[in-house]
Engineer: 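Got a structure for you, written out below as structure tokens; questions coming shortly.
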Amino acid sequence: MIKVIHGGLWSTVQDANGRPGYYSLGIPPSGASDSFALRVGNLLVKNDQNAAGIEVILFGLKLEMMEDTVIAVTGGDLGPKINDSELPMWQAVHVKRGDLISFGQVETGATAYLAVAGGIDVPLVLGSASTYVRGRLGGHKGRKLQAGDTLNTSASKADLSTIEGRKVRPDLIPKYGEEWQLRIVFGVTDYVYTDEAKQLFLNSDWKVSHESDRVGYRFIGPKLNFIDRKPPFGAGTDPSNVVDTPYPIGSIHCPAGVVPILLHKDGVSGGGYATIGTVISVDLDKVAQFKAGDIVRFKRVTVEEAVEVKLQREQLLKDESNVIQSY
Amino acid sequence: MFDKPRFTYGGDNYLVLEYSIDYELEANFRVNLMAETLRKANIRGVVEVIPSIIGLMVHYDPLLVPPEKLARELQDIHEELKKTAVAKIESRFIEIPVLFNDPWSTECQNHFKSYHNTGDVPNIKFVAKENGITIKEAIARLIKPQWWIVFIGFTPGLSWSAPIGMKKEEMLQVSKYTKPRTWTPVGSCSIGGVYLAIYSVTHPGGYQLFGRTPAPVVLYDERCNPEKPLKVFKDSPCLNKTTDRMRLKPIDMEEYQRIEAQVKDGTYDFYIRTQQLDVNEYFADPVEYMEKLEADIGYKYSLTSQVERVHNSLESAVS
């Protein structure tokens, strides 16, 4: 059991896979915005990779451990502390009843995960422990954590003594900086953008806006132009308008050509703005670590290249000996 | 409408089919026919089929089915569908009780008066003005048609529907608020562009408000009692899906409160009838065909008296 002393800016219970399969009802997949970090955290504490953990955004979360257990903190370095000491990241750490876990200062990245042996135990909604705050469903009471909440944990399948001390292979620990590259597959309604606009999109440095969250991330940069065409019936008259199309998770749209929006795990399933392309699923993990002011460049890839990246990611995580350091 | 849907990739795990550039009901019919067929086909690797207004999205696992293979399979299914002369879509008729000019959406309209295009409260005044018709006629155009759901999304269970079996010239078209409201009461009934939208949760939005339904469209509606969920949510957390046809039934405050109480104690039952919509018969005579579908289930209502009652209840607000 874990008690919440301070909820922090935005802390929610999430599992790694979320709840795919309900997007046609307007319920997005949700789930950990940096699924790699949560899956690795779960591996460290010998959970199923999909076990529920706590997603921590930026600052303020403070927890009291109510029993002895093993935890792992992965993802962005948000200055995790155990009582007054630094809590080492990307490794399984033994904690005692009464220990206080807090996140003091954002060093690198923006989103961290706390995985606990056994996993967080919340009632499943539509098959998942993930929280979808806008829909008021899932996770802990369908909302972000607040002071006074208590979270149950399931019993660990493995002996705690076999978990404590496990570490991630150093070469696999991501280094989060302030400049990023996102790989994107052009498509959906990209024909509405001019060729110059597409080139400009790929050749510009985009600045991450502070108006960014699990629903969508916004970018500041040059204005993108649209082809000259008669407005389609039922679309509206702005050149960026299309008759509402489905929006893949990771897709990028640019209302009126300014401030592109990238839809993330809590995104909306469709809308009336032209899509330029979709960021590949593996790179969505990077987006979770963006801070306002970071610089992003987009690199165009084919769907085959995108699938290859996904295949490599799954092969890596299939075998824990690829990820966990052996002694 | 395209002869062949345009295929495009959404990253590594979504495939999007576009049937048209303009809004055309026929394109939407094709989308739903394809969706129905795909769902029954149970293709390995397909996670979900997501219909939209004139397009369809397939969420798949590329490690179970490579994208090019899936695209080819979808093309084959499309060709097969084209060959079938008979085209029927399963479509449910659902009655939605609506208190026109309710106090809650009225309070909201007043609160956000300065966000509105002209400050007209009730908003239906503005809807009538923009369409060059009387308020009475605007009310009639909300009650008269069956509303065909073309898309569900933005919030869980939020449906977007357009009138079906109504001449284009008769369809209401209205601008959204100049500045979107930061909240709208759950259950609010609204119109924007040509679409009817019923707020599934308390949420920001910019559509013109005209009433409120006491009936929840999602299981997570704050007015529902989690201990006593409604029967209708047994198989899905959302009332609606694309291909539903909704009819707005005007009610008074007394009936609103009666339904509200039934929702709280878990006994409220929606009026729902499942039918087959014949696409060819529809296009032969849309207006008559929609009337026939209602006659087939024995659904009767008096447009004139309903419009009269709603208009009378609005008189004091409007004058």
Side-chain angles (χ1 to χ4, degrees), chain A residues 20-29 125-126 132 134-137 142 183-191 229 231-236 242-251 268-272 275 277-284 301-311 314, chain B residues 6-18 20-24 27 35 47-59 61-63 66-68 150-160 162 168 193-195 200-203 218-222 236-238 240-242:
Chain A
Y22 298 94
Y23 213 18
S24 59
L25 296 179
I27 300 174
V125 173
L126 301 175
Y132 174 42
R134 182 185 270 184
R136 296 152 41 95
L137 60 96
R183 289 164 289 192
I184 184 168
V185 174
F186 276 17
V188 191
T189 43
D190 59 319
Y191 53 82
R229 60 179 190 148
F233 173 73
V242 292
V243 173
D244 297 48
T245 69
Y247 283 166
I249 297 287
S251 53
V268 295
S269 45
T275 304
T278 306
V279 170
I280 71 174
S281 58
V282 165
D283 281 0
L284 291 181
V301 296
T302 63
V303 67
E304 291 85 9
E305 287 167 330
V307 173
E308 183 57 34
V309 171
K310 176 139 172 84
L311 183 65
E314 292 308 316
Chain B
R6 207 204 305 247
F7 283 74
T8 147
Y9 295 109
D12 47 275
N13 54 1
Y14 294 91
L15 214 152
V16 178
L17 282 69
E18 286 175 72
S20 171
I21 296 211
D22 298 292
Y23 171 67
E24 288 177 56
V47 175
E48 191 184 2
V49 178
I50 299 132
S52 180
I53 301 183
I54 47 170
L56 180 78
M57 183 159 73
V58 180
H59 177 201
D61 182 344
L63 304 183
E68 303 83 5
V150 291
F151 177 65
I152 297 202
F154 216 79
T155 58
L158 174 60
S159 64
W160 308 76
K168 226 182 195 172
V194 297
Y195 302 116
S200 68
V201 294
T202 300
H203 199 260
V218 282
L219 177 62
Y220 319 109
D221 184 316
E222 58 209 63
S236 168
C238 302
N240 291 120
K241 52 187 179 195
T242 55

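So you know, we letter chains A, B, ... as the sequences are listed, proteins then strands, and number each from 1. Quick caveat: nothing in here was measured; it's all calculated off a predicted structure.
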Engineer: B:Tyr220, B:Tyr195, B:Trp160: which one forms the most heavy-atom pairs within less than 4.5 Å of chain A?
Structural biologist: B:Tyr220
Engineer: Do you know which two heavy atoms are closest between A:Ile27 and B:Pro237, and how far apart they sit?
Structural biologist: CD1-CG, 4.2 Å
Engineer: Given that the side chain runs from C-beta out, which part of B:Leu63 has a heavy atom under 4.5 Å from chain A: side chain, backbone, both or neither?
Structural biologist: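 For B:Leu63, the side chain is the part near chain A, not the backbone.
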Engineer: Side chains of B:Thr8 and B:Glu18: donor-acceptor distance under 3.5 Å anywhere?
Structural biologist: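 Result is no, nothing qualifies.
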Engineer: Side chain, backbone, both or neither: which part of A:Tyr22 has an atom under 4.5 Å from a heavy atom of chain B?
Structural biologist: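 Looking at A:Tyr22, just its backbone touches chain B.
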Engineer: If you compare all heavy atoms of B:Phe151 against all heavy atoms of A:Ser269, which two are closest, and at what distance to 0.1 Å?
Structural biologist: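 So the two residues come closest at CZ-OG, 3.6 Å.
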Engineer: Would you check if the side chain of B:Glu48 reaches a backbone N or O of A:Tyr23 as a donor-acceptor pair within less than 3.5 Å?
Structural biologist: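 Yes; judged by distance alone, with no hydrogens or angles, the pair exists.
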Engineer: Given that the side chain runs from C-beta out, which part of B:Leu56 has a heavy atom under 4.5 Å from chain A: side chain, backbone, both or neither?
Structural biologist: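 Contact with chain A: backbone only.
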Engineer: So which heavy atom on B:Ser200 is nearest to which on B:Thr155, and how close?
Structural biologist: OG-OG1, 2.8 Å
Engineer: What part of A:Val307 is in contact with chain B, defined as an atom under 4.5 angstrom from a non-hydrogen atom: side chain, backbone, both or neither?
Structural biologist: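 Its backbone and side chain both get close to chain B.
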Engineer: What residue, out of B:Ile21, B:Val16, B:Val47, has the most heavy-atom pairs lying under 4.5 Å from chain A?
Structural biologist: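 Ranked by contacts with chain A, first place is B:Ile21.
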Engineer: Looking at every heavy atom in both A:Val188 and A:Pro246, which two are closest together, and how far apart are they?
Structural biologist: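 Of all heavy-atom pairs spanning A:Val188 and A:Pro246, the closest is CG1-O, 4.1 Å.
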Engineer: If you take all heavy atoms of A:Val185 and A:Ala306, which pair is closest and at what distance?
Structural biologist: CG2-CB, 4.0 Å
Engineer: When you check the gap from the basic side-chain N to the acidic O, do A:Arg183 and A:Asp283 get nearer than 4.0 Å?
Structural biologist: yes
Engineer: May I ask you to name which of A:Ile184, A:Val279, A:Ile280, A:Leu137 has the most heavy-atom pairs under 4.5 Å with chain B?
Structural biologist: A:Leu137
Engineer: When you measure from the centre of the six-membered ring of A:Tyr191, is the NZ or CZ of A:Arg229 closer than 6.0 Å and no more than 45° off the axis?
Structural biologist: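 Judged by the rule (NZ or CZ under 6.0 Å from the ring centre, within 45° of its axis), A:Arg229 is not positioned above A:Tyr191.
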Engineer: Under a 4.5 Å heavy-atom cut-off, does chain A meet the side chain of B:Tyr9, its backbone, both or neither?
Structural biologist: both
Engineer: Using a 4.5 Å cut-off on heavy atoms from C-beta on, say whether the side chain of A:Val303 contacts that of B:Glu68.
Structural biologist: yes
Engineer: Name the option with the most non-hydrogen atom pairs under 4.5 Å to chain A; the candidates are B:Glu24, B:Arg6, B:His59, B:Lys241.
Structural biologist: B:Arg6
Engineer: Looking at B:Gly55, B:Gly10, B:Pro156, B:Gly153, which one has more heavy-atom pairs under 4.5 Å with chain A than the rest?
Structural biologist: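 Answer, by heavy-atom pair count under 4.5 Å with chain A: B:Pro156.
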Engineer: Considering non-hydrogen atoms only, spot the tightest contact between A:Thr278 and B:Gly11 and give its length.
Structural biologist: CB-N, 3.2 Å
Engineer: Side chain, backbone, both or neither: which part of A:Glu305 has an atom under 4.5 Å from a heavy atom of chain B?
Structural biologist: neither
Engineer: A:Ser251 versus chain B, heavy atoms under 4.5 Å apart: side chain, backbone, both or neither?
Structural biologist: neither
Engineer: Under 4.5 Å heavy-atom distance to chain A, tell me which part of B:Ser236 shows up: side chain, backbone, both or neither.
Structural biologist: side chain
Engineer: Find the one option among A:Pro20, A:Gly135, A:Gly270 whose heavy-atom pairs under 4.5 Å with chain B are most numerous.
Structural biologist: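 When all of A:Pro20, A:Gly135, A:Gly270 are compared, A:Gly270 has the most.
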Engineer: Can you tell which part of A:Val125 gets under 4.5 Å to a heavy atom of chain B, answering side chain, backbone, both or neither?
Structural biologist: side chain
Engineer: Please determine, by modelled atom types, if B:Asn13 and A:Ser281 share a side-chain donor-acceptor pair under 3.5 angstrom.
Structural biologist: no
Engineer: Any idea which of A:Glu308, A:Lys310, A:Arg134 has the most non-hydrogen atom pairs under 4.5 angstrom with chain B?
Structural biologist: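 Going by pairs under 4.5 Å, I would pick A:Arg134.
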Engineer: Please classify the contact of A:Leu126 with chain B as side chain, backbone, both or neither, using a heavy-atom distance under 4.5 Å.
Structural biologist: side chain
Engineer: Which bit of B:Val49 comes within less than 4.5 Å of chain A, counting heavy atoms only: side chain, backbone, both or neither?
Structural biologist: backbone
Engineer: Relative to chain B, which of A:Pro248, A:Pro232, A:Gly142, A:Gly187 shows the most heavy atom pairs under 4.5 Å?
Structural biologist: A:Pro248
Engineer: Heavy-atom distance under 4.5 Å to chain A: side chain of B:Tyr14, backbone, both or neither?
Structural biologist: side chain
